[in-house]
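Notes to accompany the following structure.
For the numbers below, each heavy atom of this structure counts, side chains included, while hydrogens, waters and symmetry mates do not.
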Amino acid sequence: MSHNLPLRGLTVLALEQAVAAPYCTSRLADAGARVIKIERPEGDFARGYDAAVNGLASYFVWLNRGKESLVADIKDPADARLLHAILAQADVFVQNLAPGAAARAGFGVAELRARHPRLITVDISGYGAGHAYSDMKAYDLLVQAESGLAGITGHPAGPGRVGVSVCDVACGMDAHAAVLEALIARGISGQGCALEVSLFSGAADWMNVPLLYFEGTGRAPQRVGLAHPTICPYGAFPTADGSLVLISIQNEREWARFCDGVLDEPDLATAEGFASNNARVANRAAVDLRIGSALVRLTRDGAAARLKAAGTAYGFVNTLADLTTHPALIRAEVQTPAGPASIVAPPVLIDGQVRALGPVPGIGAHSARIRAEFASAR
């Protein structure tokens with residue numbers, strides 16, 4: 001259905017690699033945009049991150065569906081002319097090369113915006129421009145550390161990494177949203193614009209709450225592992241059969257029902273050191289000990305039954321094997337050069353349906369056709 005592909009007819013040229021920019025352009029491709037991905041002869045280096053998907057890299061399969069692959073060298077004059085011919089007809093240009101590399105090759109924002117006023121340019125970087133960090137190499141874990149995210153993540157014994165490339169993904173999400181806004185604005189004014197987004201700025205935006213809390217109180221949120229720094233009880237506890245169940249109490253009514261229905265200790269809800277959230281946070285060790293000693297006598301299913309009956313919010317700390325059979329997990333199939341692959345579906349359903357996803361390209365799979373198509377325009 002055409003309304004399911006609202007970006008059909010738009011062309012995106014992507015000088016991209018790794019995760020952040022490919023995340024953005026994968027969503028544009030899902031919505032029907034033609035995404036021409038420029039690759040080196042050896043391909044986007046994300047193709048080599050692993051070989052988990054029938055010999056292909058998991059990151060690449062996830063983030064490059066529905067794109068066309070064109071092998072080209074931006075430093076080669078003939079290839080540069082080809083890319084400029086594509087840009088003359090393109091709607092969006094996305095690049096996440098090393099700082100200054102695109103401009104040195106003749107693909108800087110000022111030049112492109114002057115030549116193509118309707119073009120929307122997207123510069124994705126590690127730390128943004130115009131300061132001491134602008135030329136720093138930036139990968140996801142480095143930015144988790146620099147943004148303070150790692151400092152508030154993990155166990156009291158030390159900082160931790162968020163287990164997925166969250167700074168890359170945040171940046172890609174921000175870029176995608178900004179492109180859609182820019183397309184709407186262009187539909188009104190007829191003019192494109194220059195967008196800039198960095199891994200650091202995306203992560204820093206997500207750090208607003210801990211930063212504001214620190215600036216307002218002088219105290220940083222403590223690393224508490226699978227617990228909440230300012231709510232108690234809110235954490236994970238082992239069950240008799242080795243599972244970890246995570247519970248969350250949000251108010252005193254829930255706490256009273258939990259004490260009665262799960263702990264079989266109704267009087268605990270009003271006992272000294274247990275009667276308010278502030279008291280429980282200050283008395284966390286005793287609270288957690290009381291809860292842990294009760295839940296460890298229950299099986300996973302037994303704990304779930306009691307928690308559900310008491311109206312307590314809970315979930316289990318699942319393994320990846322558990323995730324594969326999770327009742328809420330929705331899968332989607334993509335075709336790849338190595339055969340079909342099943343990935344987690346994009347999170348938004350449209351009229352109750354998952355969009356069909358385009359195939360993952362081989363290196364340079366579309367080079368000949370694209371070169372022939374734009375040859376006359378060069």
Side-chain angles (χ1 to χ4, degrees), residues 149 152-157 160 162-164 166 206-214 216-217 219-330 344 347-349 352:
L149 175 60
I152 61 167
T153 302
H155 191 269
V162 178
V164 295
V166 66
W206 287 14
M207 288 291 290
N208 254 299
V209 168
L211 179 63
L212 292 172
Y213 181 88
F214 170 74
T217 67
R219 301 189 306 275
Q222 297 301 298
R223 293 188 302 272
V224 289
L226 279 175
H228 195 287
T230 58
I231 300 174
C232 181
Y234 196 152
F237 301 89
T239 63
D241 48 3
S243 292
L244 275 177
V245 61
L246 200 152
I247 65 167
S248 173
I249 300 294
Q250 295 290 313
N251 54 57
E252 299 313 310
R253 175 180 49 81
E254 291 183 359
W255 171 238
R257 290 188 63 186
F258 177 82
C259 290
D260 184 21
V262 179
L263 303 184
D264 290 329
E265 291 190 84
D267 293 341
L268 187 65
T270 54
E272 185 177 355
F274 294 82
S276 71
N277 180 64
N278 286 342
R280 291 191 296 273
V281 169
N283 193 34
R284 186 189 299 272
V287 175
D288 286 353
L289 181 63
R290 202 73 157 257
I291 294 169
S293 63
L295 290 176
V296 78
R297 296 195 296 267
L298 303 173
T299 64
R300 176 179 174 127
D301 290 344
R306 281 208 186 190
L307 292 163
K308 186 173 183 178
T312 301
Y314 72 94
F316 289 97
V317 182
N318 283 329
T319 64
L320 289 172
D322 296 323
L323 176 61
T324 64
T325 59
H326 199 289
L329 184 68
I330 302 173
V344 178
V348 179
L349 300 179

If you apply the rule side-chain contact (heavy atoms from CB on, under 4.5 Å), what do you find for Glu252 with Asn277, and how did you get there? CA-CA 8 Å; Glu252 299 313 310; Asn277 180 64; 4.2 Å; yes
Determine, stepwise, if the pair Ile231 / Gln250 fulfils side-chain contact (heavy atoms from CB on, under 4.5 Å). CA-CA 8 Å; Ile231 300 174; Gln250 295 290 313; 4.2 Å; yes
Steps toward side-chain contact (heavy atoms from CB on, under 4.5 Å) verdict (Asp264, Arg306): CA-CA 10 Å; Asp264 290 329; Arg306 281 208 186 190; 3.2 Å; yes
side-chain contact (heavy atoms from CB on, under 4.5 Å) assessment of Val281 paired with Arg284: CA-CA 5 Å; Val281 169; Arg284 186 189 299 272; 4.0 Å; yes
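For the pair Ile247 and Glu254, the minimum side-chain heavy-atom distance is 4.5 Å or more. Between Ser276 and Trp255 the shortest side-chain heavy-atom distance does not fall below 4.5 Å. Side-chain contact between Leu149 and Met207 is present, with heavy atoms from C-beta onward closer than 4.5 Å.
Taking CD1 of Ile249 as the reference point, atom CD1 of Ile291 lies at 7.0 Å (rounded to 0.5 Å). Expressed to the nearest 0.5 Å, how far OG of Ser243 lies from CG of Asp301 amounts to 8.5 Å. Separation of atoms CG (Leu244) and CZ (Arg300) is listed at 10.0 Å; rounding is to 0.5 Å.
Residues Ala220 and Phe214 come closest through the heavy atom pair N-CD1, 3.8 Å. Closest non-hydrogen pair, Arg223 versus Ile152, comes out as CG-C, 3.7 Å. Pairing each heavy atom of Thr312 with each of Ser248, the nearest pair is CG2-O, 4.2 Å. Pairing each heavy atom of Ala256 with each of Ala269, the nearest pair is CA-CB, 3.8 Å. Counting all heavy atoms, side chain and backbone alike, Pro233 lies closest to Val287 at CB-CG1, 4.4 Å. Annotation for Gly311 and Arg257: closest pair N-NH2, 3.9 Å, computed over non-hydrogen atoms.
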Report, one line per pair, each donor and acceptor closer than 3.5 Å where one atom sits in a side chain of residues 321-329; sequence neighbours left out.
from, atom 1, to, atom 2, distance (Å)
Asp322, OD2, Thr319, N, 2.9
Asp322, OD2, Thr319, OG1, 3.1
Thr324, OG1, Ala321, O, 2.6
Thr325, OG1, Asp322, O, 3.3
His326, ND1, Ala328, N, 3.0

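Partners of His155 under the ring pair (Phe, Tyr, Trp, His ring centres under 6.0 Å) rule, at least two apart in sequence or in another chain, do not exist in this structure. With sequence neighbours excluded, no residue forms a ring pair (Phe, Tyr, Trp, His ring centres under 6.0 Å) with Phe237.
Panel note: side chain Arg280, backbone Cys232; a donor-acceptor pair is recorded below 3.5 Å. Remark: the backbone N or O of Glu265 is not paired with any side-chain donor or acceptor of Asp260 at under 3.5 angstrom. Arg219 places no side-chain N or O within 3.5 Å of a backbone atom of Tyr213 that could act as its donor or acceptor partner. A distance-only check finds a donor-acceptor pair linking the side chain of Arg297 to the backbone of Ser293 [under 3.5 Å].
Around CZ of Phe274, the count of heavy atoms belonging to other residues, nucleotides or ligands within 6.0 Å exceeds 12.
Using cut-offs of 30° and 60° on the angle between ring planes, the pair Tyr314 and Phe316 is perpendicular.
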